[in-house]
S.K.: 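Got a structure for you, written out below as structure tokens; questions coming shortly.
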Protein chains: 2
Amino acid sequence: MSDQDDLVFKALADASRRELLDVLRVKNGLTLGELCEGHEMSRQAVTKHLALLEEANLIVTQKQGREKFHYLNPVPIHGIYMRWIGRFEAHRMDALYNLKQALNTKTKTKTKTKTRKDKK
Amino acid sequence: MSDQDDLVFKALADASRRELLDVLRVKNGLTLGELCEGHEMSRQAVTKHLALLEEANLIVTQKQGREKFHYLNPVPIHGIYMRWIGRFEAHRMDALYNLKQALNTKTKTKTKTKTRKDKK
DNA sequence: TGCATATGCAACCATTTGGTTACATAATTG
DNA sequence: CAATTATGTAACCAAATGGTTGCATATGCA
């Protein structure tokens, strides 16, 4: 998992940034002022969030005169799905079954597992 | 998007926590000591990460004697995919095309868009 | 060409985060 | 039953984060 993926996960960690992506998913190509609508935070705070989204390649921007347009780029989100999130789908049903089995088995037969000393 | 989803996104923002989930995806039901292997950070740091994963319901734990077993719960990851990430898949191809069109159109015909004053 | 609008940049601040060290408690083992 | 092992808890610290306020620059409009 690359540094770029790390940027994507970090960018998505904040609810405000996900909301900005939600807005762009519904209506792409908005200016900073338009994106500020519906948000209580200051324009400079929105600008900071957009910078992180841009750094993660989740949006691309286009300056025209004094206006800056922001466009959604869904490719990195697809990327983390393909490279990481999707791997948890493959055995989602399996995992639930195995979890139940494991819990039942361990409750009945206490298993011994090797452990490691603290790293101090 | 619920507070629980927010916890999931925040939990996944850290590379160390994603690595812990990777380990459990390959081999479920590990103890703290086993999970500490392969990580340079202290046992207490790993414990902190596991607490956040548990708070986000990404893992469930089972205490047996002095040992604690950790099991992967892929349901919340599936949940954020169904409720949020997947929405970006639906028009991933569309979005790329529309982005290109939008950039081309705006380059040729400068459009005026209403903006809002700063919220001070 | 002055005014209005859109955006950029910087400094600041409180909170959160990610890690460490130290000590404590509980369970297991020889 | 003492020693060992596994885990829990707390305090501490530096860095990162998420927001604000203030001022500056660039562009568009009347």
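Naming: A, B, ... by sequence-line order, numbering from 1 per chain. Computed from heavy atoms alone, side chains included, the values below leave out hydrogens, waters and symmetry copies.
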S.K.: Which residues pass the side-chain hydrogen bond (donor to acceptor under 3.5 Å, both in side chains) test with B:E19, sequence neighbours left out?
M.R.: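 Applying side-chain hydrogen bond (donor to acceptor under 3.5 Å, both in side chains) to B:E19 gives none.
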
S.K.: Can you check the B:E67 CD to C:dT29 P distance for me, whole Å?
M.R.: 9 Å

S.K.: Look at the aromatic rings of A:W84 and A:F9 and report parallel, tilted or perpendicular, splitting at 30° and 60°.
M.R.: perpendicular

S.K.: For B:K68, enumerate each residue passing the side-chain hydrogen bond (donor to acceptor under 3.5 Å, both in side chains) test, keeping only those at least two apart in sequence or located in another chain.
M.R.: none

S.K.: For the backbone of A:I80 and the side chain of A:D5, can you confirm whether one donor and one acceptor N or O come within less than 3.5 Å of each other?
M.R.: no

S.K.: Quick check: does any side chain N or O of A:H70 sit under 3.5 Å from a backbone N or O of A:T61, one acting as donor and the other as acceptor?
M.R.: no

S.K.: Kindly give the atom pairs (protein nitrogen or oxygen, nucleotide nitrogen or oxygen) under 3.5 Å for nucleotides 15-20 of chain C.
M.R.:
unit_1 : atom_1 : unit_2 : atom_2 : d
C:dG18 : OP2    : B:R17  : NH1    : 3.1
C:dG19 : OP2    : B:H49  : NE2    : 2.2
C:dG19 : N7     : B:K48  : NZ     : 3.1
C:dG19 : O6     : B:K48  : NZ     : 2.4
C:dT20 : OP2    : B:S42  : N      : 2.6
C:dT20 : OP2    : B:S42  : OG     : 2.7

S.K.: How close or far is atom P of D:dT7 from atom CG of B:L35, stated in whole angstroms?
M.R.: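 Checked: the CG to P distance equals 9 Å.
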
S.K.: How long is the line joining CG of A:L50 and P of C:dC9, in whole Å?
M.R.: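 Computing the A:L50:CG to C:dC9:P distance gives 14 Å.
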
S.K.: Side chain of A:R66, base of C:dT7: donor and acceptor closer than 3.5 Å?
M.R.: no

S.K.: Please state whether the phosphate of C:dA27, meaning OP1 or OP2, lies under 4.0 angstrom from any side-chain nitrogen or oxygen of B:K63.
M.R.: no

S.K.: Indicate yes or no for a side-chain donor-acceptor contact from B:R17 to the backbone of B:L12 under 3.5 Å, with no hydrogens or angles considered.
M.R.: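 The answer is no, because no donor-acceptor pair under 3.5 Å joins these two groups.
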
